[in-house]
Amino acid sequence: MRKKNQKFIGVFDSGFGGLNILREIVKELPQYNYMYYGDSARAPYGSRSKELIYQFTKEAVEFMFSKNCELVILACNTASSDALRKIQQEYLIQNHLNKRVLGVLIPSAEEAVVKTKNKKVGVIATEGTVASEAFVREIHKLNSDIKIFQKGCPLLVPIVEYGESNTKISQMALEKYLQPLIQKKIDTLILGCTHYGVFEKQIKKIVGKKVAIISGEKIIPKKVKQYLEKHSNLEKKLVREGIIHFYSSDLTERFAQMGSDFFGRKIEVEKK
């Protein structure tokens, strides 16, 4: 039974891709309590309207706040691009002034600006993230001279969700999506969806060693640590028990199995 005073860091994604992010955050900051919620019943988010993405994200944040999360990280890039600003600027101000919601998109954009040498950055992401032009906006805030080439990849999330991430199907899809970016001579590639980290080895073989790959799970943990160091009032609320709870909107055997693969150890999932 959950104690009333337990305070959590929440990680939300549309499916189980965000477990990559959570896994690395836990490695960096193992002392805190964590909660993961995957909205697998409504995944993928990439082809949804902005209105629906905001509604789904708001519902997820409300659920995680009701479970004593003080900080929620939107591991979903689609939610980060289409819903985060409205969540921060309207929803939190009106309903939860003392709680915080962060996204994963800006840290990846910042890292790409540092990494690129020829000022040609590629982005592979969901159709929703690409349409939002959030990566273009955030990168250009930092350096307007950088050229950004985006490619929507509608097949990649379903490929991951159905366990086909290391097959001929995934190889063909990746080659199709990456070739236009290679032709633009990019030297940096942002994996603009948490699910895409599982393709990193395949992607490296396709784009070559000279292209720097930006993947959220390598960046976000240190950003979370820095954020907590800067916001000591929030950090002091967090309980240090090393507890992790996992939730899904569609409790299936596949979610538990694939989620365990993504997280790196067996997980027990509760239904929202």
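Just so it is clear, the values below take in all heavy atoms, side chains as well, and ignore hydrogens, waters and symmetry mates.
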Given side chain to side chain contact (heavy atoms under 4.5 Å, CB included), test Val136 with Ile148 step by step and report yes or no. CA-CA 6 Å; Val136 176; Ile148 301 131; 4.0 Å; yes
State, to 0.1 Å, how close [X] and [Y] come at their nearest heavy-atom pair, and which atoms those are.
X: Ala125; Y: Gly192; value: CB-O, 3.7 Å
X: Ile159; Y: Ala173; value: CD1-CB, 3.9 Å
X: Glu127; Y: Pro154; value: OE1-CB, 3.6 Å
X: Ala256; Y: Ile267; value: O-CG1, 4.1 Å
X: Ser108; Y: Ile214; value: O-CG2, 3.8 Å
X: Pro221; Y: Leu29; value: O-CD1, 4.5 Å

For the pair [X] (side chain) and [Y] (backbone), establish whether a donor and an acceptor sit closer than 3.5 Å, ignoring hydrogens and angles.
X: Arg240; Y: Leu238; value: yes
X: Asp39; Y: Ala60; value: no
X: Lys117; Y: Lys115; value: yes
X: Ser144; Y: His140; value: no
X: Asn68; Y: Phe8; value: no
X: Arg48; Y: Thr78; value: no
X: Thr116; Y: Ala112; value: no
X: Asp187; Y: Val211; value: no
X: Ser80; Y: Leu74; value: yes
X: Asp82; Y: Lys50; value: no

Flag the pair [X] / [Y] as yes when at least one side-chain heavy-atom distance between them is below 4.5 Å, and no otherwise.
X: Ile139; Y: Ile190; value: yes
X: Ile87; Y: Lys58; value: yes
X: Tyr36; Y: Ile244; value: no
X: Leu155; Y: Tyr177; value: yes
X: Lys184; Y: Lys151; value: no
X: Ser14; Y: Phe56; value: no
X: Gln202; Y: Ser170; value: yes
X: Ile220; Y: Leu102; value: no

How about Thr129 and Asn77: does a side-chain donor come under 3.5 Å of a side-chain acceptor? no
Checking side-chain polar atoms at under 3.5 Å, does Glu51 have a donor or acceptor matched by the opposite partner on Gln55? no
Find the distance between [atom1] ([X]) and [atom2] ([Y]) and round it off to the nearest 0.5 Å.
X: Ser132; Y: Ile53; atom1: OG; atom2: CD1; result: 8.5 Å
X: Glu111; Y: Ile106; atom1: CD; atom2: CD1; result: 14.5 Å
X: Glu70; Y: Lys7; atom1: CD; atom2: NZ; result: 4.5 Å
X: Phe63; Y: Met35; atom1: CZ; atom2: CE; result: 6.5 Å
X: Glu138; Y: Leu105; atom1: CD; atom2: CG; result: 6.5 Å
X: His231; Y: Arg100; atom1: NE2; atom2: CZ; result: 6.5 Å

Run through Phe246, Phe263, Phe262, Phe16 and flag the one making a ring pair (Phe, Tyr, Trp, His ring centres under 6.0 Å) with Phe255. Phe16
Using side chain to side chain contact (heavy atoms under 4.5 Å, CB included), reason through Ile206 and Gln171 one step at a time and then give a plain yes or no. CA-CA 9 Å; Ile206 296 170; Gln171 185 70 21; 3.8 Å; yes
Are there over 12 heavy-atom neighbours, none belonging to [X], within less than 6.0 Å of that residue's [atom1]?
X: Glu229; atom1: CD; result: yes
X: Arg137; atom1: CZ; result: yes
X: Lys272; atom1: NZ; result: yes
X: Gln31; atom1: CD; result: yes

Can you label the angle between the Tyr32 ring and the Tyr34 ring as parallel, tilted or perpendicular, going by 30° and 60°? perpendicular
Please state whether the rings of Tyr91 and Phe65 are parallel, tilted or perpendicular, taking 30° and 60° as the class boundaries. parallel
For a side-chain contact (heavy atoms from CB on, under 4.5 Å) with Tyr37, tell me which candidate from Ser248, Ser249, Cys69 qualifies. Ser249
Tell me, with the steps shown, if Tyr45 and Asp13 meet side chain to side chain contact (heavy atoms under 4.5 Å, CB included). CA-CA 9 Å; Tyr45 279 14; Asp13 191 21; over 6 Å; no
Quickly, which of Glu24, Glu28, Glu200 forms a salt bridge (Lys or Arg N to Asp or Glu O under 4.0 Å) with Lys218? Name it, please. Glu200
Would you please test Arg42 and Glu59 for salt bridge (Lys or Arg N to Asp or Glu O under 4.0 Å) and show each step? CA-CA 12 Å; Arg42 300 186 289 198; Glu59 288 173 5; 2.9 Å; yes
What's the verdict on side chain to side chain contact (heavy atoms under 4.5 Å, CB included) for Ile203 and Ile213, showing C-alpha distance, side-chain angles and the deciding distance? CA-CA 9 Å; Ile203 289 170; Ile213 296 176; 3.8 Å; yes
Do Arg254 and Tyr162 form a cation-pi contact, if we require the NZ or CZ to be under 6.0 Å from the six-membered ring centre and within 45 degrees of the ring's axis? yes
